[in-house]
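A, B, ... follow the sequence lines: proteins, then strands. Residue 1 opens every chain.
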Protein chains: 2
Amino acid sequence: MGYIALVAAVRKRPAAGAAVLREDVTTAIRQAVTQELAAVGYGRLSIEGVARRAGVGKTAVYRRWSSKLEMVLEIVSEVASQSLPLLDTGSLRGDIEMVLHVVSRALRHRLASQIIPDLLAEAARNPKIGHTLQEALRANQRQASELLIGRAVARGELPAGTDPDTAVDLIIGPIYWRLAVARTPLPQGYVSELATSVAAALGAPISQSSFPNERTSGSSR
Amino acid sequence: MGYIALVAAVRKRPAAGAAVLREDVTTAIRQAVTQELAAVGYGRLSIEGVARRAGVGKTAVYRRWSSKLEMVLEIVSEVASQSLPLLDTGSLRGDIEMVLHVVSRALRHRLASQIIPDLLAEAARNPKIGHTLQEALRANQRQASELLIGRAVARGELPAGTDPDTAVDLIIGPIYWRLAVARTPLPQGYVSELATSVAAALGAPISQSSFPNERTSGSSR
DNA sequence: GAGCGATGGAACGCTACCGTATCGACGCCA
DNA sequence: TGGCGTCGATACGGTAGCGTTCCATCGCTC
């Protein structure tokens with residue numbers, strides 16, 4: 001079924017035979033899955049519920065995916081693996097603000113802001129989900145972070161040793177907390193100010209500790 | 001039943017009559033709830049599962065709470081509403097590092113790191129849970145933030161207008177993202193460095209509009 | 001010492017889903 | 001044009017949890 005679903009997703013028809021999975025049914029199911037995920041979460045999501053919401057028979061679902069896990073993984077990983085563009089704005093602060101805008105727009109969408117935390121929580125207890133999200137999101141993220149930081153280093157805005165993982169924490173953490181966890185509305189100018197703060201945070205690691213503190217021993221690069 | 005549960009929770013005995021809710025049974029149920037929450041999440045948590053895990057009859061559970069929602073709310077809000085001490089370390093950076101240590105220790109506990117994101121995700125779709133967590137966590141948080149920032153302002157480390165909510169985002173966001181979302185292990189010295197970065201972030205908000213981009217490297221202290 | 005009432009256990013009828021099977025209808029492909 | 005295979009529908013037996021009820025037991029309070 002992984003095969004069949006793939007074929008449908010890619011919008012090609014099977015080479016031989018006839019009578020083909022209908023594209024519109026597949027689309028309806030996909031939509032229903034995302035809506036059900038937002039409404040009841042992964043834990044409570046049921047095949048019957050999805051079929052009901054999509055207005056199709058259970059058969060149509062089982063013909064495409066063999067289990068709820070497989071179905072959800074295929075659908076969300078497709079959405080999650082899109083990479084963001086990452087234009088070069090000319091400054092670290094500008095780059096960060098751009099990323100924050102993109103992320104905040106995404107997290108303000110009702111479906112996304114319910115589905116993402118739910119799946120991340122589920123990932124903590126289901127290794128397969130964890131692995132898939134890891135692949136889809138983290139790799140992407142790290143790549144983006146390295147690009148963004150590489151630029152800043154080239155510009156002389158950051159020291160060469162800056163850790164991309166920590167940078168992701170500093171950039172994504174606050175906006176994610178605000179929108180997906182605390183769910184507090186953003187005041188005017190919030191993203192812009194946050195960008196400034198985060199840029200300052202990245203620009204001033206280690207530098208000021210007057211104590212004999214340990215340094216980051218791990219993660220080279 | 002709220003009454004009976006309350007009585008048991010407060011560890012007082014009913015004034016009249018006899019034959020009382022057993023404290024050890026109540027404790028066993030509480031433990032089972034937290035374990036079930038971590039294992040399967042709120043969405044899949046079932047009364048039967050809790051009773052099974054606690055080694056008690058369903059009856060014992062229903063005698064204390066009338067529904068899974070009420071049960072979970074009572075149990076988690078009790079745990080969540082404890083406030084952290086917040087010693088004055090003498091500097092903003094020190095205060096932040098202390099908070100980060102406390103938070104990171106809490107989030108590294110297996111149960112907490114699974115239950116908290118799960119409940120927060122659930123809160124996004126269940127108003128009662130959202131409200132309870134809001135009460136238990138956010139109020140506490142804001143108070144702590146105001147205290148911490150008030151001190152820094154008094155020391156002259158921060159300008160007077162600093163927004164406590166944004167401060168929470170900057171302080172909690174990165175460590176929460178790291179531990180509860182990305183679930184990446186912390187390298188040596190991470191918390192200390194993060195504290196420095198966050199202090200720098202807090203020290204340089206808004207400045208972007210008025211001042212020509214000061215880089216906070218040697219500013220504080 | 002008496003009895004109230006909580007205890008675990010078992011069973012109740014009920015609902016929701018599971019995953020599978022079978023049906024006639026019909027559209028697409030060879 | 002023929003037939004393959006998907007379509008929605010419906011039904012299947014099975015599992016799980018719901019919330020309630022009844023039970024004999026036994027510890028605590030008076």
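Using a 30° and 60° split on the angle between ring planes, B:Tyr176 and A:Tyr176 fall in the parallel class, below 30°.
Judged by distance alone, with hydrogens and angles left aside, B:Thr59 brings a side-chain donor or acceptor within reach of the base of C:dG9, the pair sitting under 3.5 Å. Interface remark: the A:Lys58 side chain does not form any donor-acceptor pair with the D:dG8 base, using a distance-only criterion of under 3.5 Å.
In this structure, A:Arg30 pairs ionically with A:Glu78, as a charged nitrogen and a carboxylate oxygen lie closer than 4.0 Å. The pair A:Glu36-A:Arg44 fails the salt-bridge criterion, with no side-chain N (NZ, NE, NH1 or NH2) lying under 4.0 Å from an Asp/Glu carboxylate O.
Rounding to whole angstrom units, CD of residue B:Glu48 and P of C:dT15 are separated by 17 Å. Taking atom NZ on A:Lys68 and atom C1' on C:dA16, their separation rounds to 13 Å, with Å as the unit. Atom CZ of B:Arg63 is separated from atom C1' of D:dG19 by 14 Å (rounded to the nearest Å). Between B:Ile47 atom CD1 and D:dC18 atom P the separation is 6 Å, expressed in whole Å. Between B:Leu45 atom CG and D:dG17 atom P the separation is 10 Å, expressed in whole Å. When rounded to the nearest whole Å, the span between CH2 of B:Trp65 and P of D:dG19 equals 15 Å. Taking atom OH of residue B:Tyr62 and atom P of nucleotide C:dA6, one finds them 17 Å apart after rounding to whole Å. Between A:Asp24 atom CG and D:dG8 atom C1' the separation is 13 Å, expressed in whole Å.
With no hydrogens or angles considered, no side-chain donor-acceptor pair links B:Arg63 and B:Thr26 at under 3.5 Å.
Proximity note for B:Ser46 (side chain, C-beta onward) versus D:dG8, D:dG17, C:dA6: the nearest is D:dG17.
Residue-level contact check: A:Arg44 touches neither bases nor backbone, having no heavy atom under 4.0 Å from any strand.
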